> 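Please read through the structure below; I'll follow up with questions.
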Amino acid sequence: MTAIQRATGMQDVLPEDRRYWDFVIDKATDLAQRYGFQHIDVPIIEYTPLFARGMGTASDVFVQKEMYTIEEDDDTSITLRPEFTAGFVRAFIENGMMTWPQPVKLFSIGPIFRRERPQAGRYRQHSQFNAEILGELDPAADLEVMMLAMNLYRELGYKGLTFQLNSTGCPTCKPIYIQALTQYLADQQDKLAAIDKERLSKNPLRVLDSKEPGMDKLLAEAPHIIDHLCADCAAHLADLRGLLEALDQSYTINFRLVRGIDYYTKTVFEVWAEGIGAQAAVCGGGRYDGLAEAIGGPSTPGVGFGSGIERIILGLQEQGIEAPKTPQPTVLVAHFGGETKKTAVTLTYQLRAAGIGARLAFARDKRSLKSQMREANRWGVRTVLILGEDEVAAGMVTVRPLDGGDQTQIPLSDVVTKL
RNA sequence: GCGGGUGUGGUGUAGGGGUUAACACAUCUGGUUGUGGCCCAGAAGAUCGUGGGUUCAAAUCCCACCACUCGCCCCA
(Lines give C-alpha, C1' and ligand atoms only; values in the text may rest on other atoms or scores of the structure.)
Protein backbone atom coordinates (compact mmCIF):
# COMPACT_ATOMS: atom_id res chain seq x y z
CA MET A 1 0.00 0.00 0.00
CA THR A 2 2.17 2.81 -1.21
CA ALA A 3 1.33 6.46 -1.59
CA ILE A 4 1.70 6.28 -5.33
CA GLN A 5 -0.91 3.71 -6.07
CA ARG A 6 -4.60 3.92 -6.85
CA ALA A 7 -6.84 3.25 -3.91
CA THR A 8 -8.64 -0.08 -4.17
CA GLY A 9 -11.45 -0.10 -6.65
CA MET A 10 -10.53 3.25 -8.19
CA GLN A 11 -9.71 3.70 -11.85
CA ASP A 12 -7.68 6.10 -13.91
CA VAL A 13 -9.39 6.91 -17.16
CA LEU A 14 -6.55 7.38 -19.61
CA PRO A 15 -6.87 9.46 -22.77
CA GLU A 16 -7.28 6.44 -25.04
CA ASP A 17 -10.32 5.32 -23.02
CA ARG A 18 -11.66 8.75 -22.23
CA ARG A 19 -13.11 9.07 -25.74
CA TYR A 20 -15.48 6.23 -24.87
CA TRP A 21 -16.73 8.29 -21.96
CA ASP A 22 -17.45 11.25 -24.17
CA PHE A 23 -19.18 8.95 -26.63
CA VAL A 24 -21.46 7.45 -23.97
CA ILE A 25 -22.09 10.67 -22.05
CA ASP A 26 -22.86 12.65 -25.19
CA LYS A 27 -25.25 9.98 -26.41
CA ALA A 28 -26.99 9.66 -23.06
CA THR A 29 -27.37 13.40 -22.70
CA ASP A 30 -28.66 13.83 -26.22
CA LEU A 31 -31.14 11.01 -25.86
CA ALA A 32 -32.42 12.04 -22.44
CA GLN A 33 -33.04 15.55 -23.69
CA ARG A 34 -34.80 14.19 -26.76
CA TYR A 35 -37.14 12.40 -24.34
CA GLY A 36 -37.75 15.58 -22.40
CA PHE A 37 -35.62 14.82 -19.36
CA GLN A 38 -33.92 17.76 -17.67
CA HIS A 39 -30.29 17.71 -16.62
CA ILE A 40 -29.72 18.07 -12.89
CA ASP A 41 -26.77 17.61 -10.54
CA VAL A 42 -27.19 16.62 -6.95
CA PRO A 43 -24.39 16.48 -4.35
CA ILE A 44 -22.03 13.56 -4.08
CA ILE A 45 -22.44 13.75 -0.30
CA GLU A 46 -25.74 13.58 1.57
CA TYR A 47 -26.63 13.12 5.21
CA THR A 48 -26.43 9.43 5.97
CA PRO A 49 -30.09 8.93 6.98
CA LEU A 50 -31.16 9.72 3.42
CA PHE A 51 -29.46 6.53 2.30
CA ALA A 52 -29.97 4.54 5.47
CA ARG A 53 -33.77 4.76 5.27
CA GLY A 54 -35.93 1.93 6.58
CA MET A 55 -33.28 -0.28 8.20
CA GLY A 56 -34.29 -3.66 9.49
CA THR A 57 -34.06 -5.90 6.46
CA ALA A 58 -30.95 -7.96 5.93
CA SER A 59 -29.99 -6.12 2.78
CA ASP A 60 -30.33 -2.75 4.48
CA VAL A 61 -27.77 -3.71 7.07
CA PHE A 62 -25.47 -4.89 4.36
CA VAL A 63 -26.02 -1.71 2.41
CA GLN A 64 -24.73 0.34 5.30
CA LYS A 65 -21.60 -1.75 5.52
CA GLU A 66 -20.82 -0.91 1.93
CA MET A 67 -21.31 2.83 2.22
CA TYR A 68 -18.50 5.35 2.64
CA THR A 69 -19.69 7.17 5.72
CA ILE A 70 -17.91 9.97 7.55
CA GLU A 71 -18.79 10.91 11.11
CA GLU A 72 -18.22 14.61 11.56
CA ASP A 73 -17.16 16.41 14.72
CA ASP A 74 -20.56 17.97 15.23
CA ASP A 75 -22.16 14.52 15.39
CA THR A 76 -23.60 14.65 11.91
CA SER A 77 -23.02 11.71 9.66
CA ILE A 78 -22.51 12.16 5.96
CA THR A 79 -22.14 9.55 3.22
CA LEU A 80 -20.73 9.42 -0.27
CA ARG A 81 -23.75 8.66 -2.39
CA PRO A 82 -24.11 4.95 -3.20
CA GLU A 83 -26.89 5.67 -5.70
CA PHE A 84 -28.68 8.54 -7.37
CA THR A 85 -32.34 7.99 -6.71
CA ALA A 86 -32.45 9.07 -3.07
CA GLY A 87 -30.69 12.33 -3.90
CA PHE A 88 -33.14 12.99 -6.72
CA VAL A 89 -36.11 12.42 -4.47
CA ARG A 90 -34.57 14.60 -1.75
CA ALA A 91 -33.97 17.37 -4.28
CA PHE A 92 -37.53 16.99 -5.54
CA ILE A 93 -38.95 17.50 -2.08
CA GLU A 94 -36.50 20.16 -0.93
CA ASN A 95 -36.87 22.31 -4.05
CA GLY A 96 -40.63 22.08 -4.18
CA MET A 97 -40.67 20.29 -7.50
CA MET A 98 -44.21 19.15 -6.72
CA THR A 99 -45.17 22.64 -7.84
CA TRP A 100 -43.43 22.22 -11.19
CA PRO A 101 -45.41 20.97 -14.17
CA GLN A 102 -45.89 17.27 -13.46
CA PRO A 103 -44.34 14.85 -13.85
CA VAL A 104 -40.76 15.97 -13.33
CA LYS A 105 -38.30 14.12 -15.54
CA LEU A 106 -34.68 14.35 -14.47
CA PHE A 107 -31.37 12.84 -15.44
CA SER A 108 -27.82 13.08 -14.20
CA ILE A 109 -24.40 11.58 -14.81
CA GLY A 110 -21.75 11.28 -12.14
CA PRO A 111 -19.84 9.10 -9.71
CA ILE A 112 -21.28 6.91 -6.99
CA PHE A 113 -19.41 4.97 -4.32
CA ARG A 114 -19.83 1.50 -2.95
CA ARG A 115 -17.31 -0.18 -0.75
CA GLU A 116 -17.37 -3.64 -2.27
CA ARG A 117 -14.80 -6.00 -3.72
CA PRO A 118 -14.10 -4.91 -7.28
CA GLN A 119 -14.81 -7.23 -10.19
CA ALA A 120 -15.16 -6.80 -13.92
CA GLY A 121 -17.13 -3.61 -14.51
CA ARG A 122 -17.80 -3.08 -10.79
CA TYR A 123 -15.62 -0.56 -9.07
CA ARG A 124 -15.80 1.24 -5.73
CA GLN A 125 -16.11 4.50 -7.57
CA HIS A 126 -18.12 4.17 -10.68
CA SER A 127 -20.20 6.54 -12.71
CA GLN A 128 -23.84 6.22 -13.50
CA PHE A 129 -26.27 7.62 -15.95
CA ASN A 130 -29.54 7.99 -14.07
CA ALA A 131 -32.95 9.02 -15.30
CA GLU A 132 -36.08 9.28 -13.19
CA ILE A 133 -39.69 10.36 -13.60
CA LEU A 134 -41.21 11.70 -10.40
CA GLY A 135 -44.90 12.29 -9.80
CA GLU A 136 -46.46 10.00 -12.37
CA LEU A 137 -48.32 6.71 -11.97
CA ASP A 138 -49.07 6.10 -15.64
CA PRO A 139 -47.34 2.94 -16.92
CA ALA A 140 -46.42 5.03 -19.94
CA ALA A 141 -43.87 6.64 -17.62
CA ASP A 142 -42.42 3.20 -16.90
CA LEU A 143 -42.31 2.62 -20.61
CA GLU A 144 -40.51 5.90 -21.12
CA VAL A 145 -37.60 5.13 -18.81
CA MET A 146 -37.39 1.61 -20.16
CA MET A 147 -37.20 2.81 -23.73
CA LEU A 148 -34.71 5.52 -22.85
CA ALA A 149 -32.45 2.81 -21.46
CA MET A 150 -32.97 0.42 -24.35
CA ASN A 151 -32.48 3.06 -27.02
CA LEU A 152 -29.33 4.31 -25.37
CA TYR A 153 -27.67 0.92 -25.89
CA ARG A 154 -29.17 0.57 -29.32
CA GLU A 155 -27.91 3.92 -30.50
CA LEU A 156 -24.51 3.17 -29.06
CA GLY A 157 -24.43 0.13 -31.30
CA TYR A 158 -25.05 -2.72 -28.86
CA LYS A 159 -26.24 -6.05 -30.19
CA GLY A 160 -27.98 -8.87 -28.37
CA LEU A 161 -30.13 -6.69 -26.11
CA THR A 162 -33.11 -8.01 -24.18
CA PHE A 163 -35.58 -6.58 -21.70
CA GLN A 164 -36.12 -8.53 -18.52
CA LEU A 165 -39.40 -7.47 -16.97
CA ASN A 166 -41.35 -8.26 -13.83
CA SER A 167 -43.51 -6.68 -11.19
CA THR A 168 -42.49 -6.64 -7.55
CA GLY A 169 -46.03 -5.88 -6.40
CA CYS A 170 -46.82 -3.38 -3.71
CA PRO A 171 -47.29 -3.40 0.08
CA THR A 172 -50.74 -4.88 -0.51
CA CYS A 173 -49.79 -7.90 -2.56
CA LYS A 174 -46.06 -8.40 -2.04
CA PRO A 175 -46.33 -9.73 1.55
CA ILE A 176 -48.88 -12.30 0.45
CA TYR A 177 -46.56 -13.43 -2.30
CA ILE A 178 -43.56 -13.60 0.02
CA GLN A 179 -45.59 -15.79 2.30
CA ALA A 180 -46.49 -18.14 -0.54
CA LEU A 181 -42.89 -18.29 -1.71
CA THR A 182 -41.55 -18.86 1.77
CA GLN A 183 -44.06 -21.64 2.30
CA TYR A 184 -43.04 -23.36 -0.92
CA LEU A 185 -39.32 -23.06 -0.22
CA ALA A 186 -39.70 -24.20 3.36
CA ASP A 187 -41.42 -27.34 2.07
CA GLN A 188 -38.45 -27.97 -0.22
CA GLN A 189 -35.84 -27.12 2.36
CA ASP A 190 -33.89 -30.34 1.98
CA LYS A 191 -33.21 -29.40 -1.63
CA LEU A 192 -31.76 -26.00 -0.79
CA ALA A 193 -28.08 -25.19 -0.55
CA ALA A 194 -26.86 -23.71 2.71
CA ILE A 195 -26.64 -20.25 1.21
CA ASP A 196 -30.24 -20.44 0.06
CA LYS A 197 -31.47 -21.61 3.44
CA GLU A 198 -29.89 -18.54 4.87
CA ARG A 199 -31.48 -16.34 2.25
CA LEU A 200 -34.81 -17.96 2.96
CA SER A 201 -34.65 -16.90 6.58
CA LYS A 202 -33.27 -13.42 5.97
CA ASN A 203 -34.73 -12.28 2.69
CA PRO A 204 -36.77 -14.94 0.87
CA LEU A 205 -37.03 -13.01 -2.39
CA ARG A 206 -33.28 -13.23 -2.77
CA VAL A 207 -33.54 -16.99 -3.17
CA LEU A 208 -34.98 -16.18 -6.57
CA ASP A 209 -31.64 -15.03 -7.91
CA SER A 210 -29.73 -17.95 -6.50
CA LYS A 211 -27.08 -19.38 -8.80
CA GLU A 212 -26.99 -22.74 -7.06
CA PRO A 213 -27.35 -25.78 -9.31
CA GLY A 214 -30.84 -27.24 -9.50
CA MET A 215 -32.52 -24.01 -8.56
CA ASP A 216 -33.73 -23.30 -12.09
CA LYS A 217 -36.05 -26.25 -11.93
CA LEU A 218 -37.05 -25.76 -8.32
CA LEU A 219 -37.88 -22.10 -8.83
CA ALA A 220 -39.71 -22.64 -12.10
CA GLU A 221 -42.27 -24.57 -10.10
CA ALA A 222 -42.33 -22.06 -7.25
CA PRO A 223 -45.11 -19.50 -6.93
CA HIS A 224 -44.51 -16.55 -9.24
CA ILE A 225 -45.35 -13.05 -8.13
CA ILE A 226 -47.13 -12.35 -11.37
CA ASP A 227 -49.87 -14.74 -10.21
CA HIS A 228 -50.18 -13.00 -6.86
CA LEU A 229 -50.49 -9.36 -7.86
CA CYS A 230 -53.35 -7.28 -6.57
CA ALA A 231 -55.77 -5.82 -9.10
CA ASP A 232 -53.95 -2.49 -9.24
CA CYS A 233 -50.51 -3.99 -9.80
CA ALA A 234 -51.83 -6.52 -12.30
CA ALA A 235 -53.52 -3.78 -14.30
CA HIS A 236 -50.36 -1.68 -14.23
CA LEU A 237 -48.30 -4.53 -15.61
CA ALA A 238 -50.91 -5.41 -18.22
CA ASP A 239 -51.01 -1.81 -19.35
CA LEU A 240 -47.22 -1.63 -19.60
CA ARG A 241 -47.05 -4.88 -21.56
CA GLY A 242 -49.66 -3.56 -23.94
CA LEU A 243 -47.59 -0.45 -24.54
CA LEU A 244 -44.43 -2.46 -25.16
CA GLU A 245 -46.30 -4.60 -27.62
CA ALA A 246 -47.71 -1.53 -29.34
CA LEU A 247 -44.09 -0.47 -29.90
CA ASP A 248 -43.19 -3.96 -31.12
CA GLN A 249 -40.67 -4.03 -28.32
CA SER A 250 -39.97 -7.58 -27.23
CA TYR A 251 -39.37 -8.44 -23.60
CA THR A 252 -39.01 -11.45 -21.38
CA ILE A 253 -41.05 -11.83 -18.23
CA ASN A 254 -38.47 -12.81 -15.63
CA PHE A 255 -40.16 -13.99 -12.48
CA ARG A 256 -36.81 -14.04 -10.67
CA LEU A 257 -36.38 -10.29 -10.94
CA VAL A 258 -37.63 -8.69 -7.71
CA ARG A 259 -36.83 -6.10 -5.08
CA GLY A 260 -36.80 -6.91 -1.42
CA ILE A 261 -37.56 -3.52 0.10
CA ASP A 262 -41.12 -2.25 0.49
CA TYR A 263 -40.82 1.10 -1.23
CA TYR A 264 -40.08 -0.67 -4.49
CA THR A 265 -43.35 -1.26 -6.23
CA LYS A 266 -44.71 -2.68 -9.43
CA THR A 267 -42.33 -2.48 -12.40
CA VAL A 268 -38.86 -4.00 -12.18
CA PHE A 269 -36.71 -4.27 -15.27
CA GLU A 270 -33.20 -4.83 -16.50
CA VAL A 271 -31.57 -4.59 -19.88
CA TRP A 272 -29.24 -7.47 -20.60
CA ALA A 273 -26.47 -7.50 -23.16
CA GLU A 274 -24.13 -10.26 -24.25
CA GLY A 275 -20.73 -10.38 -22.62
CA ILE A 276 -19.36 -8.34 -19.69
CA GLY A 277 -18.22 -10.93 -17.19
CA ALA A 278 -20.60 -12.49 -14.72
CA GLN A 279 -23.26 -9.82 -14.89
CA ALA A 280 -25.39 -9.59 -18.00
CA ALA A 281 -27.31 -6.53 -16.88
CA VAL A 282 -26.18 -3.20 -18.27
CA CYS A 283 -28.88 -1.37 -16.40
CA GLY A 284 -31.48 -1.86 -13.72
CA GLY A 285 -34.56 0.11 -12.97
CA GLY A 286 -38.09 0.15 -11.79
CA ARG A 287 -40.78 1.87 -9.84
CA TYR A 288 -40.51 3.12 -6.26
CA ASP A 289 -43.81 4.66 -5.31
CA GLY A 290 -43.01 4.37 -1.61
CA LEU A 291 -39.55 5.93 -1.52
CA ALA A 292 -40.48 9.59 -1.04
CA GLU A 293 -42.54 8.72 1.99
CA ALA A 294 -39.86 6.40 3.33
CA ILE A 295 -37.42 9.29 3.52
CA GLY A 296 -39.99 11.54 5.18
CA GLY A 297 -41.50 13.42 2.27
CA PRO A 298 -44.94 13.58 0.74
CA SER A 299 -46.06 10.50 -1.12
CA THR A 300 -44.66 10.79 -4.63
CA PRO A 301 -44.57 8.02 -7.19
CA GLY A 302 -41.34 7.52 -9.09
CA VAL A 303 -39.86 5.33 -11.76
CA GLY A 304 -36.37 5.32 -13.20
CA PHE A 305 -33.18 3.46 -13.94
CA GLY A 306 -29.46 3.66 -13.47
CA SER A 307 -26.72 2.42 -15.73
CA GLY A 308 -23.01 2.19 -15.00
CA ILE A 309 -20.86 4.05 -17.48
CA GLU A 310 -17.83 1.80 -16.95
CA ARG A 311 -19.89 -1.24 -17.66
CA ILE A 312 -21.42 0.30 -20.76
CA ILE A 313 -17.91 1.04 -22.02
CA LEU A 314 -16.70 -2.45 -21.21
CA GLY A 315 -19.59 -3.80 -23.22
CA LEU A 316 -18.83 -1.52 -26.14
CA GLN A 317 -15.26 -2.69 -26.20
CA GLU A 318 -16.25 -6.35 -25.92
CA GLN A 319 -18.68 -5.92 -28.77
CA GLY A 320 -15.96 -4.25 -30.84
CA ILE A 321 -17.72 -0.89 -31.05
CA GLU A 322 -15.34 2.02 -31.62
CA ALA A 323 -15.79 5.44 -30.07
CA PRO A 324 -15.06 8.44 -32.27
CA LYS A 325 -11.44 9.54 -32.22
CA THR A 326 -10.61 12.56 -30.12
CA PRO A 327 -9.85 15.60 -32.27
CA GLN A 328 -6.14 16.40 -32.47
CA PRO A 329 -4.32 19.54 -33.60
CA THR A 330 -3.56 19.40 -37.31
CA VAL A 331 -0.55 21.71 -37.24
CA LEU A 332 2.83 21.79 -35.53
CA VAL A 333 4.81 25.01 -35.42
CA ALA A 334 8.57 24.38 -35.63
CA HIS A 335 11.32 26.92 -34.99
CA PHE A 336 15.01 27.31 -34.13
CA GLY A 337 14.91 29.20 -30.88
CA GLY A 338 15.69 32.87 -30.22
CA GLU A 339 13.69 35.29 -32.33
CA THR A 340 12.18 32.45 -34.33
CA LYS A 341 10.70 31.05 -31.14
CA LYS A 342 8.95 34.34 -30.44
CA THR A 343 7.47 34.37 -33.92
CA ALA A 344 6.45 30.73 -33.58
CA VAL A 345 4.74 31.35 -30.27
CA THR A 346 2.85 34.31 -31.71
CA LEU A 347 1.74 32.32 -34.73
CA THR A 348 0.66 29.36 -32.62
CA TYR A 349 -1.69 31.47 -30.52
CA GLN A 350 -3.06 33.21 -33.62
CA LEU A 351 -3.91 29.82 -35.09
CA ARG A 352 -5.59 28.67 -31.91
CA ALA A 353 -7.57 31.90 -31.65
CA ALA A 354 -8.74 31.30 -35.20
CA GLY A 355 -10.01 27.86 -34.22
CA ILE A 356 -7.17 25.86 -35.73
CA GLY A 357 -5.68 23.20 -33.47
CA ALA A 358 -1.96 23.84 -33.22
CA ARG A 359 0.98 22.40 -31.32
CA LEU A 360 4.08 24.42 -30.52
CA ALA A 361 7.39 22.59 -30.63
CA PHE A 362 8.98 23.07 -27.23
CA ALA A 363 12.70 23.67 -26.96
CA ARG A 364 14.65 25.45 -24.25
CA ASP A 365 17.38 26.25 -26.75
CA LYS A 366 17.62 25.39 -30.39
CA ARG A 367 16.43 22.01 -31.44
CA SER A 368 17.12 20.14 -34.66
CA LEU A 369 14.43 20.30 -37.28
CA LYS A 370 14.72 16.55 -37.65
CA SER A 371 13.67 16.11 -34.06
CA GLN A 372 10.75 18.47 -34.56
CA MET A 373 9.70 16.64 -37.70
CA ARG A 374 9.78 13.39 -35.81
CA GLU A 375 7.59 14.91 -33.18
CA ALA A 376 5.16 16.11 -35.84
CA ASN A 377 4.95 12.62 -37.24
CA ARG A 378 4.41 11.08 -33.85
CA TRP A 379 1.47 13.37 -33.13
CA GLY A 380 0.02 12.74 -36.55
CA VAL A 381 -0.34 16.38 -37.54
CA ARG A 382 -1.01 17.10 -41.21
CA THR A 383 1.19 20.14 -41.57
CA VAL A 384 4.40 21.53 -40.09
CA LEU A 385 4.88 25.29 -40.18
CA ILE A 386 8.61 26.02 -40.16
CA LEU A 387 9.91 29.33 -38.86
CA GLY A 388 13.66 29.63 -39.39
CA GLU A 389 15.82 32.73 -39.42
CA ASP A 390 15.32 33.08 -43.18
CA GLU A 391 11.55 32.91 -42.98
CA VAL A 392 11.30 35.32 -40.07
CA ALA A 393 13.58 37.82 -41.80
CA ALA A 394 11.42 37.64 -44.92
CA GLY A 395 8.11 37.63 -43.07
CA MET A 396 7.35 34.23 -44.54
CA VAL A 397 6.59 30.77 -43.20
CA THR A 398 7.44 27.43 -44.75
CA VAL A 399 4.42 25.17 -45.04
CA ARG A 400 5.49 21.56 -45.03
CA PRO A 401 2.67 19.04 -45.59
CA LEU A 402 3.34 15.61 -44.12
CA ASP A 403 1.12 13.69 -46.48
CA GLY A 404 3.47 13.98 -49.47
CA GLY A 405 2.35 17.32 -50.88
CA ASP A 406 4.77 20.03 -52.02
CA GLN A 407 6.45 22.34 -49.56
CA THR A 408 5.67 26.03 -50.08
CA GLN A 409 6.39 29.39 -48.52
CA ILE A 410 3.63 31.87 -47.82
CA PRO A 411 3.54 35.23 -46.06
CA LEU A 412 3.20 34.92 -42.31
CA SER A 413 0.12 37.14 -42.39
CA ASP A 414 -1.69 34.72 -44.69
CA VAL A 415 -1.23 31.58 -42.65
CA VAL A 416 -4.45 31.73 -40.68
CA THR A 417 -6.62 32.16 -43.76
CA LYS A 418 -4.74 29.71 -45.99
CA LEU A 419 -4.69 26.70 -43.69
C1' G B 1 -16.11 -11.50 4.67
C1' C B 2 -14.93 -16.19 1.31
C1' G B 3 -12.46 -18.79 -2.93
C1' G B 4 -9.32 -19.17 -7.66
C1' G B 5 -5.43 -16.76 -10.63
C1' U B 6 -1.31 -13.27 -11.08
C1' G B 7 2.89 -9.93 -9.26
C1' U B 8 10.36 -9.20 -13.13
C1' G B 9 12.34 -1.56 -16.48
C1' G B 10 6.70 2.75 -18.66
C1' U B 11 4.00 -1.61 -21.32
C1' G B 12 4.10 -6.87 -22.74
C1' U B 13 7.09 -10.96 -21.65
C1' A B 14 11.71 -14.54 -20.87
C1' G B 15 14.56 -16.57 -16.99
C1' G B 16 12.40 -21.60 -11.97
C1' G B 17 19.15 -21.83 -6.79
C1' G B 18 25.21 -19.46 -8.94
C1' U B 19 28.51 -14.17 -10.49
C1' U B 20 27.01 -7.91 -15.52
C1' A B 21 18.55 -10.22 -14.75
C1' A B 22 17.41 -11.08 -21.11
C1' C B 23 14.05 -9.61 -25.25
C1' A B 24 10.28 -6.68 -27.80
C1' C B 25 7.55 -2.24 -27.94
C1' A B 26 7.62 2.64 -26.02
C1' U B 27 11.03 6.98 -24.50
C1' C B 28 15.51 10.11 -25.45
C1' U B 29 19.98 11.22 -28.52
C1' G B 30 22.60 10.75 -32.98
C1' G B 31 23.12 8.94 -38.30
C1' U B 32 27.41 16.40 -40.69
C1' U B 33 24.60 22.58 -43.21
C1' G B 34 17.15 23.45 -41.72
C1' U B 35 13.05 18.26 -43.14
C1' G B 36 9.07 12.99 -40.45
C1' G B 37 7.62 7.74 -41.24
C1' C B 38 11.40 2.68 -42.64
C1' C B 39 16.29 1.54 -41.26
C1' C B 40 20.94 1.82 -38.32
C1' A B 41 23.81 3.18 -33.85
C1' G B 42 23.76 4.60 -28.90
C1' A B 43 21.58 6.14 -24.06
C1' A B 44 18.46 6.08 -20.08
C1' G B 45 15.25 3.09 -17.45
C1' A B 46 14.29 -2.87 -12.59
C1' U B 47 15.15 -1.95 -4.53
C1' C B 48 12.67 -9.02 -9.59
C1' G B 49 5.26 -6.68 -4.94
C1' U B 50 6.82 -6.31 0.72
C1' G B 51 8.80 -8.65 5.02
C1' G B 52 10.82 -12.86 7.15
C1' G B 53 13.02 -17.89 6.63
C1' U B 54 16.17 -22.00 4.31
C1' U B 55 21.13 -21.90 1.89
C1' C B 56 28.05 -20.68 1.08
C1' A B 57 24.58 -18.39 -2.56
C1' A B 58 17.36 -16.62 -3.59
C1' A B 59 14.09 -13.11 -8.94
C1' U B 60 14.17 -18.56 -8.47
C1' C B 61 12.61 -22.79 -2.68
C1' C B 62 9.33 -22.05 2.06
C1' C B 63 6.02 -18.87 5.17
C1' A B 64 3.32 -14.52 5.99
C1' C B 65 1.47 -10.09 4.34
C1' C B 66 0.10 -6.59 0.49
C1' A B 67 -1.69 -5.38 -4.24
C1' C B 68 -4.02 -6.47 -8.78
C1' U B 69 -7.50 -9.65 -11.14
C1' C B 70 -11.73 -13.10 -11.82
C1' G B 71 -15.72 -15.04 -9.18
C1' C B 72 -18.89 -15.71 -4.56
C1' C B 73 -21.64 -12.89 -0.79
C1' C B 74 -24.45 -8.39 -1.71
C1' C B 75 -26.28 -5.35 -5.37
C1' A B 76 -29.62 0.41 -3.03
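Quantities reported herein were computed from a predicted structural model and do not represent experimental measurements.
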> Between B:A76 atom P and A:Phe88 atom CZ, what is the distance in whole Å?
17 Å
> To the side chain of A:Arg206, which of B:A76, B:U35, B:C73 is closest?
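When the side chain of A:Arg206 is considered, B:A76 is the closest of B:A76, B:U35, B:C73.
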> Roughly how far apart, to the nearest Å, are B:C28 and B:A44 at atom C1'?
7 Å
> With P as the reference atom in both, quote the distance from B:G42 to B:C23 in angstrom, rounded to an integer.
12 Å
> What does the 5'-to-3' dot-bracket notation of RNA chain B look like when only Watson-Crick and G-U wobble pairs under 3.5 Å count, and pairs to other strands show as |?
((((((((.[[[[.)..(...]]]].(((((.......))))).....[[[[[..)....]]]]])))))))....
> When you compare the side chains of A:Thr85 and A:Glu132, does any donor N or O come within less than 3.5 Å of an acceptor on the partner?
yes
> How close or far is atom C1' of B:C72 from atom CD1 of A:Ile195, stated in whole angstroms?
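Checked: the CD1 to C1' distance equals 8 Å.
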> Can you tell me how far CZ of A:Arg19 sits from OG1 of A:Thr326, rounded to the nearest 0.5 angstrom?
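Spacing of OG1 (A:Thr326) from CZ (A:Arg19) equals 6.5 Å.
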> In whole angstrom, what separates A:Glu212's CD from B:G71's C1'?
13 Å
> Taking the side chain of A:Ala120 as heavy atoms from C-beta outward, which of B:G71, B:U69, B:C73 is closest to it?
B:G71
> Without decimals, in angstroms, what is the distance between A:Lys65 NZ and B:C75 P?
12 Å
> Taking A:Arg199 first and then A:Glu212, would you say they form a salt bridge - that is, a charged N and a carboxylate O separated by under 4.0 Å?
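No, this pair does not count.
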> Give me the distance, rounded to whole Å, that separates B:A59 from B:U50 when you measure between the P atoms they each carry.
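After rounding to an integer number of Å, I get 11 Å for this pair.
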> Could you give the distance separating B:G12 and B:G17 at their P atoms, to the nearest angstrom?
25 Å
> Taking atom C1' in both B:G16 and B:C74, what distance in whole Å separates the two?
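Looking at atom C1' only, B:G16 and B:C74 are 40 Å apart.
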> Is B:G49 in the syn or the anti form, by the rule that syn lies within 90° of 0?
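Chi for B:G49 falls in the anti range.
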> Kindly say if A:Lys211 contacts the phosphate of B:C72, meaning a side-chain N or O under 4.0 Å from OP1 or OP2.
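Affirmative; the distance criterion is met.
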> Could you check whether A:Lys266 pairs with A:Asp232 (Lys NZ or Arg NE/NH1/NH2 to Asp/Glu carboxylate O, under 4.0 Å)?
yes
> Once you apply a heavy-atom cut-off of 4.0 Å, does A:Thr85 come out as touching a base, just sugar-phosphate, or nothing?
nothing
> A:Glu198 has an atom CD; how far is it from atom P of B:C72, in whole Å?
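In whole Å, B:C72 P and A:Glu198 CD are 17 Å from each other.
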> Side chains of A:Ile112 and A:His126: closer than 4.5 Å at any heavy-atom pair?
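Yes - at least one pair of side-chain heavy atoms lies under 4.5 Å apart.
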> When you check the gap from the basic side-chain N to the acidic O, do A:Asp142 and A:Arg241 get nearer than 4.0 Å?
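Result for this pair is no, no salt bridge flagged.
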> Can we say A:Glu375 and A:Arg359 salt-bridge, meaning some charged N sits less than 4.0 Å from an Asp/Glu carboxylate O?
no
> Name the orientation class of the two ring planes belonging to A:His224 and A:Phe255 (parallel below 30°, tilted from 30 to 60°, perpendicular beyond 60°).
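A:His224 vs A:Phe255 ring planes: parallel.
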> Looking only at the side chain of A:Thr8 (C-beta and beyond, no hydrogens), which of the listed nucleotides B:C75, B:U69, B:A67 gets closest?
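That would be B:A67.
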> Distance between the C1' atoms of B:G7 and B:U60, in whole angstroms?
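Approximately 14 Å lies between the C1' atom of B:G7 and that of B:U60.
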> Within the distance-only criterion (no hydrogens, no angle test), does the side chain of A:Thr168 pair as donor or acceptor with the backbone N or O of A:Tyr264 below 3.5 angstrom?
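Looks like no, no N/O pair under 3.5 Å.
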> Pick the nucleotide of RNA chain B nearest each of A:Arg115 and A:Pro118; which residue has the one closer to the 5' end?
A:Pro118
> If only side-chain N and O atoms of A:Arg117 are considered, is one of them under 4.0 Å from the OP1 or OP2 phosphate oxygen of B:C68?
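Checking B:C68 against A:Arg117, no side-chain N or O comes under 4.0 Å of OP1 or OP2.
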> Between A:Arg311 (CZ) and B:C70 (P), how many Å, whole number?
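So the CZ-P distance, A:Arg311 to B:C70, works out to 11 Å.
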> Please work out which of the three classes, parallel, tilted or perpendicular, describes the rings of A:Phe88 and A:Phe84, given edges at 30° and 60°.
perpendicular
> Can you tell me how far C1' in B:G9 sits from the matching atom in B:A21, rounded to whole Å?
11 Å
> Taking B:C38 as the reference, what is the distance to B:C25 when you measure between their P atoms (whole Å, please)?
11 Å
> For nucleotides 27-34 of chain B, just jot down a letter per nucleotide in 5' to 3' order: B, S or -, based on protein non-hydrogen atoms under 4.0 Å.
SS-BB--B
> Please give, in whole Å, the distance from B:G36 C1' to A:Leu332 CG?
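One finds 11 Å between C1' of B:G36 and CG of A:Leu332, rounded.
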> Would you indicate what A:Arg382 reaches in the nucleic acid, counting non-hydrogen atoms under 4.0 angstrom: base, sugar-phosphate, or nothing?
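Here A:Arg382 touches no strand at all.
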> What do you reckon, are the aromatic ring centroids of A:Phe163 and A:Tyr251 less than 6.0 Å apart?
no
> The side chain of A:Arg400 is closest to which nucleotide in this list: B:C68, B:G36, B:C73?
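Closest nucleotide among those given: B:G36.
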> Could you check how far CZ of A:Arg122 sits from C1' of B:C74, rounded to whole Å?
7 Å
